[in-house]
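Take a look at the structure below.
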Amino acid sequence: MENHINLFVSSVFVNNMVFAYFLGMCSYLAVSKTVKTAVGLGAAVIFVMIITIPVNYLLEKYLLVEGALTWISPKLAELDLSFLSFIMFIAVIAAIVQLVEMIVERFSPSLYNSLGIFLPLIAVNCAILGGALFMQQKEFSTVWESATFALGSGIGWAIAIIALAALREKMKYSNVPAPLRGLGITFILVGLMAMAFMGFMGFKI
Amino acid sequence: MSQMFSSKNLKLLTNPLNLENPITVQVLGICSALAVTVKMKPAFVMALSVIIVTAFSNLIISTLRKSIPVRIRIIVQLVVVASLVIIVDQVLKAFVYDVSKQLSVFVGLIITNCILMGRLEAFAMANKPWESFIDGIGNGIGYGWILIAVSFVREFLGSGSVFGFPVMEKIGAYSIGYVNNGLMIMPPAALIIVGVIIWIQRSRTKSLIEKE
């Protein structure tokens with residue numbers, strides 16, 4: 001249990017997807033103009049993250065790594081398909097995003113209306129694929145650990161985008177030098193936020 | 001031959017370097033631009049990989065553009081890009097293993113680099129293969145030079161070296177009390193340097209300034 005709490009805290013704050021690894025930056029900068037849309041995209045990322053990362057974990061463990069295919073036949077024990085992991089991860093993510101979109105549309109039209117436009121965007125959000133690749137790199141021992149990591153990373157990303165959107169809403173009232181307006185000042189703002197998040201470095205429970 | 005390098009095609013190559021730069025103007029592919037720029041060598045390898053992948057994915061998708069059904073084009077594009085990235089990743093692992101370790105997940109993340117999807121959607125789906133190939137190279141270089149610029153500042157100020165060559169040590173700066181700036185190798189520095197590059201570019205080219 002302690003292990004899970006540690007993993008959760010470290011993926012939300014210490015190894016925050018945005019501030020430590022710069023993942024999902026494109027949509028992070030593009031969709032953070034108002035808090036409302038930022039909350040929508042943040043929720044969609046958490047949602048897709050906690051589904052795709054454990055699924056990718058299971059598929060990798062039982063299909064791709066060396067010796068994974070022994071459950072089909074012992075002859076396949078030496079087969080190592082791990083070079084295929086990129087193509088499998090991205091296919092799984094694209095398929096699940098599509099599936100989630102259809103399920104949400106069928107069962108909760110109100111949620112679909114608020115998440116609607118963001119779901120297709122997420123298939124190419126690098127935070128999702130990045131999450132899967134970090135999951136592969138960290139070599140978790142159980143699927144639950146990968147789920148905790150997914151939840152933590154998703155929440156970390158959502159916190160980051162909501163915080164930036166709130167700051168940008170306030171920034172409308174400040175006098176920014178013309179060439180820095182818009183994109184430039186946003187970069188510097190994210191840099192300062194990342195500096196604040198550096199304070200969590202080495203943090204453990 | 002002269003037609004292949006007409007002035008229109010040359011524009012495709014040079015525009016992304018400044019006026020339509022993928023990072024500072026189109027805001028595409030920022031994730032990897034920030035993460036791999038601590039040292040110049042990985043940044044250089046990354047830039048080269050992205051140039052190769054954008055050029056060839058543009059070429060392949062543009063060749064196939066008439067036979068791809070519109071509804072499933074995203075999946076087709078992702079599969080083409082992912083296959084190219086697997087090739088690049090395997091080549092890097094075979095020939096420059098240490099750099100491939102430093103780049104860690106960011107080689108895989110070329111797949112979701114928005115430069116690729118952006119150029120495939122905006123250019124390759126509507127243009128001929130040769131033009132698309134040039135557009136891919138142009139955008140790859142536009143991305144690459146920002147990467148090199150950011151990594152030069154970060155490595156020079158953060159580690160006192162250029163391309164791994166210890167400049168500051170050789171000129172004896174440490175013995176007179178010079179200290180490396182540790183913040184430069186931390187993540188926030190990358191964001192601020194890109195912000196400053198945008199600032200410089202937009203004060204030189206007024207047309208890029210955003211309206212209020």
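Chain naming here is simple, since letters A, B, ... match the order of the sequence lines and numbering starts at 1 in each. Keep in mind that this is a model prediction, so the values were computed, not measured.
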Looking at V18(A), is its backbone amide N or carbonyl O close enough to the side chain of N16(A) to form a donor-acceptor pair, meaning the two atoms are under 3.5 Å apart? yes
Using a cut-off of under 4.5 Å on heavy-atom pairs, state which of A189(B), G108(B), A82(B) scores highest against chain A. G108(B)
Check whether F197(A) gets within reach of chain B through its side chain, its backbone, both or neither, counting any heavy atom under 4.5 Å. neither
Could you give the distance from CG (L120(B)) to CG (N58(B)), rounded to the nearest 0.5 Å? 5.5 Å
Take the angle between the ring planes of W157(A) and Y28(A) and call it parallel below 30°, perpendicular above 60°, tilted in between. perpendicular
Highest number of heavy-atom pairs under 4.5 Å with chain B: which of A20(A), C126(A), G182(A)? C126(A)
Among T24(B), I30(B), L34(B), the residue with the most heavy-atom pairs under 4.5 Å to chain A is L34(B)
Top contributor to chain B contacts, counting heavy-atom pairs under 4.5 Å, from V190(A), L192(A), V176(A), I93(A): V190(A)
Contact leader toward chain A among V194(B), V85(B), I200(B), V25(B), where contacts are heavy-atom pairs under 4.5 Å: V194(B)
Tell me whether Q90(B) at atom CD has more than 12 heavy atoms from other residues, nucleotides or ligands lying less than 6.0 Å away. yes
Heavy-atom proximity to chain B below 4.5 Å, by part of A91(A): neither
Ring center gap for F149(A) and F8(A) short of 6.0 angstrom: no
Chain B heavy atoms under 4.5 Å from L29(A): which part of the residue, side chain, backbone, both or neither? side chain
Looking at F89(A), F22(A), F86(A), F83(A), which makes the most heavy-atom pairs under 4.5 Å with chain B? F22(A)
Region of M193(A) in contact with chain B, defined by heavy-atom distances below 4.5 Å: neither
Any idea how F106(B) and F134(A) line up, ring-wise: parallel (<30°), tilted (30 to 60°), or perpendicular (>60°)? perpendicular
Could you give the distance from CD (Q201(B)) to CG (L183(A)), rounded to the nearest 0.5 Å? 10.0 Å
